[in-house]
S.K.: 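Sharing a structure, written as structure tokens. Questions coming.
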Amino acid sequence: MRTEPPAPQLHPDRNLALELVRATEAAAIRAVPFIGKGDKNAADGAAVDAMRSFLATVNFAGTVVIGEGEKDNAPMLYNGEVVGTGRGPECDIAVDPIDGTSLTAAGRRNAISMIAASDRGTMLDASSVFYMDKLVTGPDGVGVVDIRKPVAENIRALAKAKRKDVSELSIGVLDRPRHEGLIDEIRAAGAGTRLLLDGDVAGGIDAASYEGRIDMCVGIGGSPEGVATACAIKALGGFIQTRLAPKDDDEKQRGIDAGLTFDHVYEADELVRGDNTFFVATGVTDGNLVTGVRRKGPVIVTESIVLRARSGTIRRVIAHHPIEKWH
């Protein structure tokens, strides 16, 4: 009696995220010796090597649509790199072995290691333009705020939707000179600011989560982080809009050549199509989203968050890693 071989798996399944989290855990653990040592590239290099090694063991055919490193010549998992065993589902992935390399180098909070994944061909490749303007909120912002409106108008609308006074709202913004005017507008509207030293992926997730301390995250940050954040926002039922923000005409032309559209608002479904998205992140240093790597007796303890859009599940994974396995 002949049995047919099992049909090939075409789409990422629920177990994939729990495999990918091993790669973010490894990257976070390998970055620990560099926390507070002032060398962000060394930290990033160690995390990249660890993430690449663990991704090679995962049963999937992953293509890095969005990697990190190009904008500052740092070590990177490069765009177009194929990872995994080649068996299993075909996926687009966005990776950032350390979102917050400067935070890690300085020993500051909120550095994470993260991977986002979706069905092959669904993730926007915005790698030719390094930055985008973003607006992220939780479910209360859906149909309420719009990135094309002044930030003060969005703040008032969100406050009404959340049944809060404007003065109670906390708005996350990357602490950069380019945001001085934006910060002034937020404060003039009566809201408070939560200035983020780095790591706007964690800031966006914080804004979209019902447990978060931020009501809205706005401003210009990395395009890779924007697409990865969209994968997480879909799982959280939140709201995200982005607009590309080229540094100069040459970069804008590269974006046009790559098929990107300027003066256009990219909604969540344009950043990543469909609902079969995954987002995993492990804490490198302590933060609002996850706790950083810690050594407790004979083990290394990591905390990760695992999000899946199709099921809407949010998992927190606490893992104990025997120290002798990491020498």
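These numbers come from the heavy atoms of this one structure, side chains and all, not from hydrogens, waters or symmetry mates.
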S.K.: Determine whether a donor-acceptor pair (N or O, by modelled atom type, separation under 3.5 Å) exists between the side chain of K149 and the backbone of V145.
M.R.: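 Side chain of K149 to backbone of V145, a donor-acceptor pair under 3.5 Å: no, none is there.
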S.K.: Under 3.5 Å, side chain of N59 to main-chain N/O of T85, donor-acceptor pair present?
M.R.: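 Side chain of N59 to backbone of T85: no pair is present.
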S.K.: Please report the shortest heavy-atom distance between L16 and C91, naming the atom on each side.
M.R.: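 In terms of heavy atoms, the two residues are closest at CD2-SG, 3.8 Å.
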S.K.: About how many Å separate CD1 of I183 and CG of L174, when rounded to the nearest 0.5 Å?
M.R.: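 If we round to the nearest 0.5 Å, L174:CG and I183:CD1 are 9.5 Å apart.
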S.K.: Could you tell me if the side chain of L55 sits less than 4.5 Å from the side chain of E81, heavy atoms only?
M.R.: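 The answer is no, as the side chains (C-beta and beyond) never meet within the 4.5 Å cut-off.
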S.K.: I'd like to know whether CZ of R163 has more than 12 heavy-atom contacts from other residues, nucleotides or ligands below 6.0 angstrom.
M.R.: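 12 or below, so no.
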S.K.: Salt bridge check, R273 against D119: does any charged N sit closer than 4.0 Å to a carboxylate O?
M.R.: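 So D119 does not pair with R273 through a salt bridge.
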S.K.: Same cluster or not: are I186 and I220 linked, directly or through other Ile, Leu, Val, Met, Phe, Trp or Tyr residues, by side-chain heavy atoms under 4.5 angstrom apart?
M.R.: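 No, I186 does not connect to I220 through the hydrophobic network.
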S.K.: Give a yes or no on whether V166 and I214 share a hydrophobic cluster (residues Ile, Leu, Val, Met, Phe, Trp, Tyr; joining criterion: side-chain heavy atoms under 4.5 Å apart).
M.R.: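 Per the 4.5 Å side-chain linkage, V166 and I214 are not co-clustered.
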S.K.: When you measure from the side chain of D198 to the backbone of D99, do you find a donor-acceptor pair of N or O atoms at a distance under 3.5 Å?
M.R.: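 A pair under 3.5 Å: no.
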S.K.: Check this for me, if you would: do D275 and R310 make a salt bridge, where the nitrogen-to-carboxylate-oxygen distance has to be below 4.0 angstrom?
M.R.: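 Salt bridge flag = yes for R310 with D275.
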S.K.: Between D92 (side chain) and T122 (backbone), is there a donor-acceptor pair under 3.5 Å?
M.R.: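 Side chain of D92 to backbone of T122, a donor-acceptor pair under 3.5 Å: yes, one is there.
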S.K.: Grab the two heavy atoms, one from N154 and one from L135, that are nearest each other, plus how far apart they are.
M.R.: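 Shortest heavy-atom separation between N154 and L135 comes out as ND2-CD2, 4.1 Å.
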S.K.: Ignoring hydrogens, what is the shortest heavy-atom contact between S102 and K40? Give both atom names and the distance.
M.R.: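 The pair with the smallest heavy-atom distance is OG-CD, 3.8 Å.
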S.K.: Rounded to the nearest 0.5 Å, what separates atom CG in L289 from atom CD1 in I305?
M.R.: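 Answer for the CG-CD1 pair, L289 versus I305, is 5.0 Å.
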S.K.: What are the two closest non-hydrogen atoms of S127 and F130, and how far apart are they?
M.R.: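 Result for this residue pair: O-CE2, 3.9 Å.
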S.K.: For the SG atom of C231 and the CD1 atom of I115, what is their distance to the nearest 0.5 Å?
M.R.: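 One finds 11.5 Å between SG of C231 and CD1 of I115.
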S.K.: According to the interplanar angle, ranging from 0 to 90°, do the rings of H321 and W326 count as parallel (below 30°), tilted (30 to 60°) or perpendicular (above 60°)?
M.R.: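 Geometry flag for W326 against H321: perpendicular rings.
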S.K.: Do the side chain of T57 and the main chain of S53 share a donor and acceptor less than 3.5 angstrom apart?
M.R.: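 Side chain of T57 to backbone of S53: no pair is present.
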S.K.: So which of R148, K134, E270 actually passes side chain to side chain contact (heavy atoms under 4.5 Å, CB included) with Q241?
M.R.: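 Checked R148, K134, E270 against Q241; only one passes side chain to side chain contact (heavy atoms under 4.5 Å, CB included): R148.
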S.K.: Does some side-chain heavy atom of I35 sit less than 4.5 Å from a side-chain heavy atom of V293?
M.R.: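 V293 does not reach I35 side chain to side chain.
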S.K.: Under a 4.5 Å cut-off applied to non-hydrogen side-chain atoms, are V218 and H179 in contact?
M.R.: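 In short, these two side chains do not touch, never coming nearer than 4.5 Å.
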S.K.: Give a yes or no on whether the backbone of V58 and the side-chain of E19 come within a donor-acceptor separation of less than 3.5 Å.
M.R.: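 No, because the side chain of E19 does not come within donor-acceptor range (under 3.5 Å) of the backbone of V58.
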S.K.: Using a 3.5 Å distance criterion without hydrogens, assess whether the side chain of E153 forms a donor-acceptor pair with backbone atoms of P150.
M.R.: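 Judged by distance alone, no pair lies under 3.5 Å.
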S.K.: For the hydrophobic clusters of this structure (ILVMFWY residues joined by side-chain heavy atoms under 4.5 Å, transitively), does one cluster hold both L195 and I205?
M.R.: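 Per the 4.5 Å side-chain linkage, L195 and I205 are not co-clustered.
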S.K.: Roughly how far, to the nearest 0.5 Å, is the CD1 atom of I112 from the OG1 atom of T24?
M.R.: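 It is 9.0 Å, given to the nearest 0.5 Å.
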S.K.: Tell me yes or no: between the side chains of R108 and T285, is some donor less than 3.5 Å from an acceptor?
M.R.: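 Per modelled atom types, R108 and T285 side chains form no pair under 3.5 Å.
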S.K.: Above 12 or not: heavy atoms from other molecules or residues under 6.0 Å from CZ of F262?
M.R.: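 Counting neighbours around CZ of F262, more than 12 heavy atoms of other residues, nucleotides or ligands fall under 6.0 Å, so yes.
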S.K.: Do D215 and K164 have side-chain heavy atoms sitting under 4.5 Å apart?
M.R.: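 Heavy-atom side-chain distance check passes, below 4.5 Å.
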S.K.: Would you say that V317 contacts E25 through its side chain, given a criterion of any heavy-atom pair below 4.5 Å between the two side chains?
M.R.: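 Yes, side chains in contact.
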S.K.: Check whether V142 and L158 end up in the same hydrophobic cluster, where Ile, Leu, Val, Met, Phe, Trp and Tyr are linked by side-chain heavy atoms less than 4.5 Å apart.
M.R.: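 V142 clusters together with L158.
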S.K.: Out of curiosity, K234 NZ to L307 CG, how far, rounded to the nearest 0.5 Å?
M.R.: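 Rounded to the nearest 0.5 Å, the NZ-CG separation comes out at 14.0 Å.
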S.K.: If we only count heavy atoms from C-beta on, is the R52 to P97 side-chain gap below 4.5 Å?
M.R.: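 No, side chains not in contact.
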S.K.: Do I318 and V301 come close enough that some side-chain heavy atom pair is under 4.5 Å?
M.R.: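 They are in contact (side-chain heavy atoms under 4.5 Å apart), so the answer is yes.
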S.K.: Taking atom NZ of K160 as the centre, report whether more than 12 heavy atoms of other residues, nucleotides or ligands fall under 6.0 Å from it.
M.R.: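 Atom NZ in K160 is not packed in, count stays at 12 or less.
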S.K.: Under 3.5 Å, is there a donor-acceptor pair between the Q253 and D249 side chains?
M.R.: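 D249 and Q253 do not have a side-chain donor-acceptor pair below 3.5 Å.
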S.K.: Working to the nearest 0.5 angstrom, can you tell me the gap between T242 OG1 and M132 CE?
M.R.: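 Output value for this atom pair is 4.0 Å.
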S.K.: Donor-acceptor pair, distance only, cut-off 3.5 Å: does the side chain of Y210 make one with the backbone of P139?
M.R.: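 Judged by distance alone, no pair lies under 3.5 Å.
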S.K.: Might you confirm whether atom CZ of R295 has over 12 heavy atoms from other residues, nucleotides or ligands at distances under 6.0 Å?
M.R.: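 Open.
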S.K.: Do the side chain of S223 and the main chain of V129 share a donor and acceptor less than 3.5 angstrom apart?
M.R.: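 Yes; judged by distance alone, with no hydrogens or angles, the pair exists.
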S.K.: Less than 4.5 Å apart, side chain to side chain, heavy atoms only: is that true for V144 and F239?
M.R.: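 No, their side chains stay 4.5 Å or more apart.
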S.K.: Hydrophobic clustering (ILVMFWY, side-chain heavy atoms < 4.5 Å, transitive) - are V48 and M114 grouped together?
M.R.: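 No, M114 does not connect to V48 through the hydrophobic network.
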